[in-house]
Amino acid sequence: MSATLTPHVYWAQRHEDIYLRVELIDAQNLDISVHDNVLQFRAQGHGARGHNDYEFSLPFLNAVKTEVSHRSTQRQVNITVRKQLSGWWDRLTLQEKKPLFLAPDFDRWMDESDAEMELREKEKKKNRLNMESRLSEDSYITLKKAFLFTYNLVQFLGFSWIFVNMTIRLFILGQDSLYDTFYTISDVMFFCQILASVEVLNAMFGVVKAAVVPAFIQVIGRNFILFIILGSLQEMHNKPVVFFVFYLWSAIEIFRYPFYMLGCIDTEWKTITWLRYTVWIPLYPLGVLAEVVAVVQSISVFDQSRLFSIPLPEALGSSASFSCQHLYLNRSFLGIRGDNGQHLYLNRSFLGIREDTGQRAISEAVFLPLHASSSPREVGVHGVDVLVEGSVLGVSCGGQFKLLGSV
């Protein structure tokens with residue numbers, strides 16, 4: 001029976017690792033493992049006794065982890081074994097007398113003091129990289145907050161100008177101010193609503209944690225009313241409904257944007273928070289009602305002017321009337337816009353404002369459709385995550401979680 005052939009093995013250590021270098025050229029069929037703190041090595045290759053099968057075992061002095069990493073090159077096999085506990089070993093093997101095939105790897109050899117110095121240098125480098133990463137992240141957050149604060153400030157100033165201007169004109173001119181609102185206010189309203197498209201981009205690119213579709217629907221819905229229904233028809237410019245649409249829109253926004261501004265500087269005013277999630281209750285349905293009135297009043301104008309009509313072959317008719325599309329869009333508009341109400345009710349509940357009403361709204365809007373499912377489900381609405389698991393209902397908002405109860 002032929003004797004077992006062992007390759008030359010060189011070793012070095014650090015506080016965390018053991019390094020082994022096996023002198024074996026063109027090693028193949030590697031089998032390397034650690035069991036009970038003993039390293040087992042088997043491979044074929046060209047070693048001290050020519051091309052043969054080589055193997056060895058090393059019982060380590062202290063405990064090591066079973067995971068072994070190795071890399072085979074044309075000239076050698078490099079093995080790294082992790083120590084179970086960080087520390088410096090007096091020797092490598094359990095036996096005091098080292099095996100004949102084992103020798104120090106002077107290319108990587110360090111004494112304990114040098115290894116500690118190397119470890120400190122690695123820690124300094126790691127801390128420096130962490131600090132640079134943290135500074136970079138802090139700079140990004142600061143820049144993002146500055147951008148969002150500036151955007152919300154501009155929108156607040158724009159809608160405040162609209163609201164104050166319309167209020168003063170109403171007190172001075174009375175009913176006459178209802179008929180020239182478009183001519184005096186529309187330019188600023190156009191600017192604010194075009195700028196509102198930034199909210200869709202913010203949600204799309206993750207600048208803010210908000211759902212893209214609801215933000216898109218909100219912006220498109222208003223711009224549809226502003227540019228198509230009111231802006232494209234000269235006959236609609238002097239309608240009183242323009243006053244009510246503009247006034248209700250601005251009344252909602254003068255509370256919404258200050259709330260977002262304070263959030264950018266990590267500040268909360270309870271009065272602003274209460275107004276943000278309360279004044280919409282009467283103003284939101286009134287605003288939608290004003291939009292519906294504007295759409296209805298525009299139908300006859302579109303029918304007469306044939307604006308945006310689509311010509312069709314004579315066999316099918318003269319044209320496709322835009323008023324029919326109005327009715328369809330109006331119906332869809334009303335159905336979809338209800339999601340914003342659910343979002344605001346969710347936030348009112350989370351913030352403790354009329355909590356009983358908020359829970360009832362959540363149960364009707366979210367829990368009941370998912371009641372048949374027993375698996376955990378999450379629903380995201382405008383930055384508020386609703387978690388439904390079994391019969392348990394909770395809400396997560398801004399990194400906080402609140403258990404609302406069970407059904």
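The model shown is predicted, which means the values in this text are computed figures rather than measured ones. Start at 1 with the first residue, then count along the sequence.
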Say you draw a straight line from CG of Asn223 to CE of Met189; how long is it, rounded to the nearest 0.5 Å?
10.5 Å
Is any side-chain heavy atom of Tyr54 closer than 4.5 Å to a side-chain heavy atom of Thr6?
no
Judged by modelled atom types alone, do Arg14 and Tyr19 share a side-chain donor-acceptor pair under 3.5 Å?
no
Side-chain (Asn152) to main-chain (Leu148) donor-acceptor, under 3.5 angstrom:
yes
Do Glu23 and Arg21 meet the salt-bridge criterion of a basic N to acidic O distance under 4.0 Å?
yes
Does a sphere of radius 6.0 Å around CZ in Arg91 hold more than 12 heavy atoms from other residues, nucleotides or ligands, not counting ones at 6.0 Å or beyond?
yes
Check whether the side chains of Ser57 and Gln40 place a donor and an acceptor atom closer than 3.5 Å, and report yes or no.
no
Look at the side chain of Lys270 and the backbone N and O of Trp274, then say whether any donor-acceptor pair between them is shorter than 3.5 Å.
no
Close side-chain approach of Thr66 and Val68, heavy atoms under 4.5 Å
no
Please report the shortest heavy-atom distance between Ala211 and Ala203, naming the atom on each side.
O-CB, 4.1 Å
Does the side-chain contact (heavy atoms from CB on, under 4.5 Å) test come out yes or no for Phe246 and Leu230, once each step is laid out?
CA-CA 11 Å; Phe246 285 8; Leu230 303 179; 4.0 Å; yes
Got a donor-acceptor contact below 3.5 angstrom from the Glu55 side chain to the Leu5 backbone?
no
I want to check something: taking the side chain as every heavy atom from C-beta on, are Gln155 and Glu253 in contact at a cut-off of under 4.5 Å?
no
Side chain Asp187, main chain Thr184, donor-acceptor under 3.5 Å
no
Under the salt bridge (charged side-chain N to carboxylate O under 4.0 Å, His left out) criterion, do Glu268 and Arg276 qualify, and how do the steps go?
CA-CA 12 Å; Glu268 180 184 5; Arg276 161 72 177 113; over 6 Å; no
Check: Val22 and Ile79 side chains under 4.5 Å, non-hydrogen atoms
yes
Is the ring pair Phe259/Tyr277 parallel, tilted or perpendicular, if the boundaries are 30 and 60 degrees?
perpendicular
Enumerate, atom names and distances included, each donor-acceptor pair closer than 3.5 Å involving a side-chain atom of residues 92-101, sequence neighbours excluded.
{"residue": "Thr93", "atom": "OG1", "partner": "Gln95", "partner atom": "O", "Å": "2.9"}
{"residue": "Lys98", "atom": "NZ", "partner": "Leu102", "partner atom": "O", "Å": "2.8"}

Looking at CG of Leu289 and OH of Tyr284, how far apart are the two atoms once the value is rounded to the nearest 0.5 Å?
13.0 Å
Between Tyr247 and Thr181, does any side-chain donor sit less than 3.5 Å from a side-chain acceptor?
no
Is there a side-chain contact between Phe227 and Phe190 in this structure, where contact means two heavy atoms from C-beta onward sitting under 4.5 Å apart?
yes
Distance, nearest 0.5 Å, that separates CD1 of Ile220 from OG of Ser197:
7.0 Å
Should we say atom CG of Asp36 is surrounded by more than 12 heavy atoms from elsewhere, each under 6.0 Å from it?
no
Are Lys145 and Asp266 close enough that some pair of their side-chain heavy atoms sits under 4.5 Å apart?
yes
With the side chain counted from C-beta on, respond yes when Phe191 and Ser186 share a heavy-atom pair under 4.5 Å apart, and no when they do not.
no
Please state whether the rings of Trp109 and Trp11 are parallel, tilted or perpendicular, taking 30° and 60° as the class boundaries.
perpendicular
Is there a side-chain contact between Trp249 and Leu226, using heavy atoms and a 4.5 Å cut-off?
yes
Should the heavy atoms of other residues, nucleotides or ligands under 6.0 Å from CG of Asp31 be counted, would the total exceed 12?
yes
Step through the shown structure and confirm whether more than 12 heavy atoms of other residues, nucleotides or ligands are within 6.0 Å of CH2 on Trp269.
no
Please check this pair: side chain of Asn37 against backbone of Val64, looking for a donor-acceptor N/O pair closer than 3.5 Å.
yes
Set out, in order, the CA-CA distance, both residues' side-chain angles and the distance that settles side-chain contact (heavy atoms from CB on, under 4.5 Å) for Val198 and Leu195, then state yes or no.
CA-CA 6 Å; Val198 173; Leu195 188 61; 4.0 Å; yes
Closer than 4.0 angstrom, basic N to acidic O: yes or no for Asp180 and Arg169?
yes
Could you walk me through whether Met166 and Ile185 pass side-chain contact (heavy atoms from CB on, under 4.5 Å), step by step?
CA-CA 8 Å; Met166 293 179 67; Ile185 304 297; 3.9 Å; yes
Do the rings of Phe182 and His237 sit parallel, tilted or perpendicular, given the 30° and 60° boundaries?
parallel
Pair Tyr151, Glu199: side-chain N/O donor-acceptor within cut-off below 3.5 Å
yes
